[in-house]
Protein chains: 2
Amino acid sequence: MAHGPGTGASLADVAKLAKVSTQTASRVANGSDAVRPDTRERVLAAMAELSYRPSFAARSLRAGSYHSIGLSMSGNMEATGRRFQVEGLTAAATRRRYAITLLQLDDDEANLSEASRRMASLPVDGQILYLGATPPDFATFEPPQALPTVIISTQHHPYCATISNDQTGCSVSIVNHFVQKGHREIRFVGGRRESFANVSRQKGWEQALRMRGLHVVEPMHGDWTADSGYEIGMQLVNDKSCTAIYASNDAIAVGIIYALRDAGLRVPQDISVIGVDDSLVGVIPHLELSSYRFNDTQVGALAFDLATNPPEGKKPPHILVPGTLVERSTVAQAPR
Amino acid sequence: MAHGPGTGASLADVAKLAKVSTQTASRVANGSDAVRPDTRERVLAAMAELSYRPSFAARSLRAGSYHSIGLSMSGNMEATGRRFQVEGLTAAATRRRYAITLLQLDDDEANLSEASRRMASLPVDGQILYLGATPPDFATFEPPQALPTVIISTQHHPYCATISNDQTGCSVSIVNHFVQKGHREIRFVGGRRESFANVSRQKGWEQALRMRGLHVVEPMHGDWTADSGYEIGMQLVNDKSCTAIYASNDAIAVGIIYALRDAGLRVPQDISVIGVDDSLVGVIPHLELSSYRFNDTQVGALAFDLATNPPEGKKPPHILVPGTLVERSTVAQAPR
DNA sequence: CACGCGAATGTTAACGTTAACATTCGCCGT
DNA sequence: ACGGCGAATGTTAACGTTAACATTCGCGTG
């Protein structure tokens, strides 16, 4: 069935049926109290009769705003944390009765300019760009001045507000935690080398160690899976001085722990291990993995705020949202 | 800064600056080829100068359609499979250059009528309702006739298209698989009793067993976690006749497997185990869990199709999307 | 009973765009 | 030079809503 113009009843139709002016019908539609109860009834009846649906287009044409924020994404929502950020965003939007307009970009058109161009013709009052890694035009992109724009990115941008999880803070917290427990030989086990998250975690780890004058050992890298962690764990068994391992995600941490235990070492008594993402709660029997949990919900919520209330200043803000270290049972005092 | 009416340049402004009519400006904006190249240049320059942004409101007011589908959700996107369904939906939308308008409902207003009422005043040509479990007004809900509506639900609805994963099919596939491998004593281990997914999986399992005249043993229930699975696994050790276990999710399956192994049984040689959701790939070292994987992406994509091309017939369709059984290494031929 | 006054309702215009139709322009052939 | 013709551009009206202003209604008062 058609949904073009002329389909569906307009306020004028309702008004005619109820024998009032369109303005009165409009007042009823908007819950104004300046309408006599019997008139209101007549109008409501007419609306029901015609199954009237207000025209968003006409309303926002008059109002000049949409009460909606755009979100451009590329890649999959599966990526760790992503769904929570989306959730934080929609939750914040809900609170303020905003809708979210979601635009998915194919990977081959996943750049900021294209996303922005597409979003500009949609009913949004602001936009959030959340593309994979670092889009090719990150440096050259200029946000449209008619549309407040926020990029979810760890890097900061000359003209555009940016926000993301604090990857460096993650490394710093973890190293601090280990140090507080008396550890001095703290290894890092990365995920895929090319991954941005991985790179910044490794950098943060190295910095934190150097700042304390601790020994930096060239890290090993897995592919984010538990099996790759297991292999690496088997090699770490020979690294006698190591007492603490910082794994770049939880699966690798789990793999390492299983390997160490299979080799006769005790976790955490002999070696402490910590993961990142806190993604495996309830999934591994009898294993309570200490992990660093990002505050993805907060990232989403703040992105929403930035998009709806763009800060006035000259320099665009660059916000890093800290997470929390969740202490469970895989970190202990360093052995003597 | 304001974004009300009067903010931002309109086609009229562009036209004035470029010394053409608004119609010509409109033609340029829409890429019509009936414009002389030099004129086009002038107009484009004016657009850039004024950082013109087309008014979605005005366009769709004329066009009478929005090229967008609404999605109402309540609860969290974290729930297994949900994000994939959303992803399938947005992917399908992308292919057809549709946007998705996302509306999150607070849990206390999560009913179909409220969702539909809110969505009706947003810029959408159709809506998909994806609320938790079974909303209170499921039976009484009448979809607005001005807005094609699809409900993601395992139950079917008298006036409204519905679609969901085929929970029964999941049980049937799993039982079939076990039977083919020669198993006859097939236990079911559920998650939380009240969960709808759990109930329908259990029902399907029982039906499938009865149809074959197989022995039905009252199932045990965990709370979806691996630890609860472990406990149950320890009890199942004493169930000498049992050779196959159908766990209602992967975490429980993993817990069971660990318990059985700790008790000296071999999986799959002595007992076969299968999970549901296929959610733990790469997460458990040296464990390749056979599992049933729902086709969530397809559910999302079909929901989109139903919303954009509502079928004409009298009876609304009720679509169950089958998944696939992923054979890995936790199911073997039944022991003699 | 006319007057006044606030409450209820009506009228007009405008938001920005584009389809449909109307006009003008530039150029070719004779 | 002139008619003719297609290409380029312009004019008008309409999409549905609501703010602002205008009018009418009903009722109590002097």
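Proteins come first, then strands; the chains are lettered A, B, ... in the order of their sequence lines, and each starts at number 1. Please read all numbers here as calculations on a predicted model, not as lab measurements.
Ring planes of B:F56 and B:Y66: parallel class, angle under 30° (limits at 30 and 60°). Between B:H157 and B:F138, the ring planes lie perpendicular to each other; the angle is over 60°, past the 30° to 60° tilted range.
Applying the 4.0 Å criterion to OP1 and OP2 of C:dG10, one finds that A:S21 has a side-chain N or O inside that range. Side-chain N/O atoms of A:T24 include none lying less than 4.0 angstrom from OP1 or OP2 on C:dT9.
Sorted by residue number, the list of members of residues 34-44 of chain B with any non-hydrogen atom under 4.0 Å from DNA chain C is empty.
Put simply, the residue from A:V150, A:I319, A:L89 that forms a side chain to side chain contact (heavy atoms under 4.5 Å, CB included) with A:L302 is A:I319.
Looking only at atom types and distance, the side chain of B:Q127 has a donor-acceptor partner in the side chain of B:S116 under 3.5 Å away. In this model, a donor atom of one side chain and an acceptor atom of the other lie less than 3.5 Å apart for B:T101 and B:S68.
With respect to A:R118 and A:E114, a salt bridge is recorded, a charged nitrogen being found less than 4.0 Å from a carboxylate O. Comment: B:R117 does not engage B:E142 in a salt bridge, judged by the lack of any side-chain N to carboxylate O separation of less than 4.0 angstrom. Using a cut-off of 4.0 Å between Lys/Arg side-chain N and Asp/Glu carboxylate O, B:R40 and B:D33 are scored as not salt-bridged.
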Could you list, one pair per line, each protein nitrogen or oxygen that sits under 3.5 Å from a nitrogen or oxygen of nucleotides 18-20 of chain D, together with the distance?
{"unit_1": "D:dT18", "atom_1": "OP1", "unit_2": "A:N30", "atom_2": "OD1", "d": "3.3"}
{"unit_1": "D:dT18", "atom_1": "OP1", "unit_2": "A:N30", "atom_2": "ND2", "d": "3.3"}
{"unit_1": "D:dT18", "atom_1": "OP1", "unit_2": "A:R59", "atom_2": "NE", "d": "3.1"}
{"unit_1": "D:dT18", "atom_1": "OP2", "unit_2": "A:S26", "atom_2": "OG", "d": "2.7"}
{"unit_1": "D:dT18", "atom_1": "OP2", "unit_2": "A:N30", "atom_2": "OD1", "d": "3.4"}
{"unit_1": "D:dT18", "atom_1": "O4'", "unit_2": "A:R62", "atom_2": "NE", "d": "3.4"}
{"unit_1": "D:dT18", "atom_1": "O2", "unit_2": "A:R62", "atom_2": "NH1", "d": "2.9"}
{"unit_1": "D:dA19", "atom_1": "O4'", "unit_2": "A:R62", "atom_2": "NH2", "d": "3.2"}
{"unit_1": "D:dA19", "atom_1": "N6", "unit_2": "A:Q23", "atom_2": "NE2", "d": "2.8"}

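To the nearest angstrom, C1' of C:dC15 lies 15 Å from CZ of B:R53. Going from atom CG of A:D33 over to atom P of C:dG6 covers 17 Å, rounded to whole Å. Between the C1' atom of D:dT17 and the CE atom of A:M47 lies a distance of 12 Å, rounded to the nearest Å.
Here the side chain of B:L61 is nearest to one of C:dT17, D:dT17, D:dC15, namely D:dC15.
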